[in-house]
Structures are given as C-alpha cells and as structure tokens.
There are 2 protein chains.
Amino acid sequence: MLNAARPCCAILSTMRNVDALDARILLALDADPRATTVALADRLGLARNTVQARLKRLEEGGQLREHSRRVAPEALGYPLLALVTMSISQRVGQSTREAILRIPEVVELLFTTGDGDLLARVVARDTEDLHRITNLLLEAPGVVRSNTTIVLLEVQPFSVRSLLERHAGP
Amino acid sequence: MLNAARPCCAILSTMRNVDALDARILLALDADPRATTVALADRLGLARNTVQARLKRLEEGGQLREHSRRVAPEALGYPLLALVTMSISQRVGQSTREAILRIPEVVELLFTTGDGDLLARVVARDTEDLHRITNLLLEAPGVVRSNTTIVLLEVQPFSVRSLLERHAGP
DNA sequence: GCCGCATTGAGCATTCTGCTCATAATTCCT
DNA sequence: AGGAATTATGAGCAGAATGCTCAATGCGGC
C-alpha cells in the first residue's frame, strides 16, 4: 500500500481514456452497481459482448480503482472527518510518508502546493480521537506544523458522475 | 444529485455498522471487485448464503456508496487535481451550493471550519482549464474569496482499506 | 477500395443467482 | 444457566448469467 503513490499525470500516457460508451456503461453501473452484464446491455441497448469487453478493459486498464472507495467510513464507526495540513521541515524522505501512512485513520495523503506541503484526510471516532491522531501526525519525522480543519457537512461527497454524464454525451 | 448532502453523523443512527465479517468480505471484494459471491465465500471459508445476505445488507443499508467513486478522473481526461477553499459572505443559501455544484469539474464539496467556509475538490484538463473553473467558482453568489491549492502527488489516494483491515481483526 | 478495430449475434457448457427451508451455532437478555 | 432472537450453514432447484469462441457486420483511416 505504501507504494501506491503515483504522479497525477504519468498515468495519462499508459491509460487509455474512457470514451462516451464507457461513460454510459459506468453511469449505468452507478445506478445499479450489482447489475449483471446482461442487465447493463439491455438498459443501454448494447450487445452483451460489448459491455463485457468494455468492462473487462476498464477493470484491467486501471481506469477503475479499488472497491474500498465505496465503503462509507461512517459505517466503520468513524463519523468525524478532518483535513490536516502539515509543513515539512527537512527534505522529506520515505520515512515521513511511511510514518503517516502507518496511521490507519489517514485515509488519503496528498502533496500540495501552498502553505502546507502535505494534506491528510483523517477520519476519527470523535474529537478526542481526532486529537490523538493529530498528535500522531506531529510525531512523524519532519512534520513541524499542522493545521486541522473539521468537515462540518459533506455537501457533495466525492463523485465523478457529473463528469461521466458530460462524457456520455447527449 | 443536488440533495445528496447529508450531515456526517445523522447517518450513524440509521446505519448499522459493519462488523468484522463485513470487513473481511469488503476486503476480499477489494482484492477482486468482480469476484462472484461463490468465489468470495470460498476465499473466506464462509457459506454462500452468508456472503450473499451480508452483501445485500451492505448495499441496501447505505454502507456502500456510489460506484463512480471508483472511476479515475485521469481516465476521463482530467489529470489535474486542485483544492479550492472559498469564503462565503452572506448567509449561504441553496443558491451558492447549487451554483457550485452545477460545475461538473467540482467532484466534491465540503463545508469546513477554519479560514474558509467551503472546500471544493476540482479536477481540470490543465492549468488554463483550472483558471477557468476557479473563475466560475468566484462567480457563484456569495463567494468572496478563494484560495487554490494544486495537488502535486497523490501519495495515498482515498482508501479505507487500512480501516477495514483493522476492523477485520487478526 | 482495403485494412484494422469495435460491435454484434449466436451457440454452448459451466457456473452462478435468487429463493426457500430446515438445522446448527452465537449472542443477548433475564 | 435458561431461553429467545439473531445469524450462519447446508441443501436443493429452476432460471439466468458467465466465459468463451466464431463468424458476420459496420465504420473510420489510409
């Protein structure tokens, strides 16, 4: 898991983009994730073989990410969501990120521009739990400053449906 | 889609938490998202009926979110990822969030504590595209200030696998 | 016009699903 | 400990889906 890091753009070269048909299939899957290939083909007016081949390509081609993306952290007992920006003092080696990624409550970790160098998305059981986790973060080698922002409301949880809809065409 | 907003905690009351067995099933699904129920049952040493019932409950109980969470925006032609924090001047009504959510490139929208009131996760085709989108955001009613941070590297893309592993027990 | 690529339709053996029911095994409550 | 409720298991069965192959049919680029 520690070497899951990847530059945002390097993928583009290897990764074949999804076209309008792929987008339509993914949207149909969005409406009913457990739909069978046949059901999707019916709904979209496509041949079963087409949907089957497309889906296989999407899964094998890396356009689809891991399934745990769909699991709601609340359901695991972590109703609190926070964003922690951190500044790194020294040249950041593997050690810093490894230390941070060893914390299970860190569900996402990004290098960013701007005032902070690192942004961690953290889930917690409650505020006390969050305090414990931010302390853990500050103990990671090279982390000199941290700033915690609590998420009050997920107005729109992560979703690329709007992009898919645009991609799917009219 | 506009009314997908939900308080972080209200769910907990309705939502039955996933237990260790659920977590193991979800982890197995993570390893092979297209695995059949029978295959999962075999791998986990469970009865087919058990896995079938559990999965049905997870899907129907809201513990699993939409499928498009798994789609990589890069594959749709949006290699750039940015975080835009915004300050809201007036009492923010529906109009502000609706205006923002009408922008397809906004893939996530959060109300937060701290210096900004709103945080938008935005994907873009390139920096010029990002500039266009941030201007769109500033045109939304009530948005007075914005601060854009570019994501340089996704060290760890969103994943709750570590939480699942802890939940699954030893 | 020709070639490569994707879609389509068909067929077939195997596997899976959805469903029900009855029987253990667990957990929870008193 | 006793008993009840929930959960897991095993079996069975008709119908449906899958994985696979092959041949035919578009469709765009050169």
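In this text the structure is predicted, and so the values were computed from the model without any measurement. Numbers restart at 1 for each chain; the letters A, B, ... are given by sequence-line order, proteins then strands.
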Want to settle it: does B:A53 or B:T36 sit nearer the 5' end of DNA chain D, counting the closest nucleotide to each?
-> B:A53

Any side-chain heavy atom of [X] within less than 4.5 Å of one from [Y]?
X      : Y      : answer
A:L130 : A:T148 : yes
B:D22  : B:Q63  : no
A:L118 : A:F111 : yes
B:T50  : B:I25  : no

Is any side-chain nitrogen or oxygen of [X] closer than 4.0 Å to OP1 or OP2 of [N]?
X     : N      : result
A:T50 : C:dT8  : yes
B:T37 : C:dT17 : yes
A:Q52 : D:dG19 : yes

Confirm from the modelled atom types if A:R48 and C:dG11 form a donor-acceptor pair under 3.5 Å, side chain to base only.
-> yes

[N] [atom2] sits how many Å from [X] [atom1], rounded?
X     : N      : atom1 : atom2 : answer
A:L55 : D:dC20 : CG    : C1'   : 17 Å
A:R43 : D:dA17 : CZ    : P     : 13 Å
A:D22 : C:dT7  : CG    : C1'   : 13 Å
A:R57 : C:dT7  : CZ    : C1'   : 11 Å

B:L21 has a side chain; which of D:dA8, C:dT20, D:dC13 sits nearest to it?
-> D:dA8

So which nucleotide from C:dT8, D:dA11, C:dT7 ends up closest to the side chain of A:N49?
-> C:dT8

Below 3.5 Å between N/O atoms, which protein atoms pair up with nucleotides 23-27 of chain D? Just atom names and distances, please.
none

side-chain contact (heavy atoms from CB on, under 4.5 Å) between A:V71 and B:L163, intermediate numbers included | CA-CA 10 Å; A:V71 178; B:L163 298 178; over 6 Å; no

Basic-acidic side-chain contact under 4.0 Å: B:R34, A:E60 = no

Carboxylate-amine/guanidinium contact B:D19 B:R54, below 4.0 Å | yes

So what stems show up for DNA chain D if we need 3 or more Watson-Crick or G-U pairs in a row, all under 3.5 Å?
-> C:1-30 with D:1-30

CZ/B:R132: more than 12 non-hydrogen atoms of other groups inside 6.0 Å = yes

Quick one: on DNA chain C, does B:A35 or A:A47 contact a more 5' nucleotide (nearest heavy atom)?
-> A:A47

Kindly write out the residues that satisfy side-chain hydrogen bond (donor to acceptor under 3.5 Å, both in side chains) with A:R121, not counting sequence neighbours, or none if the list is empty.
-> A:E108, B:E108

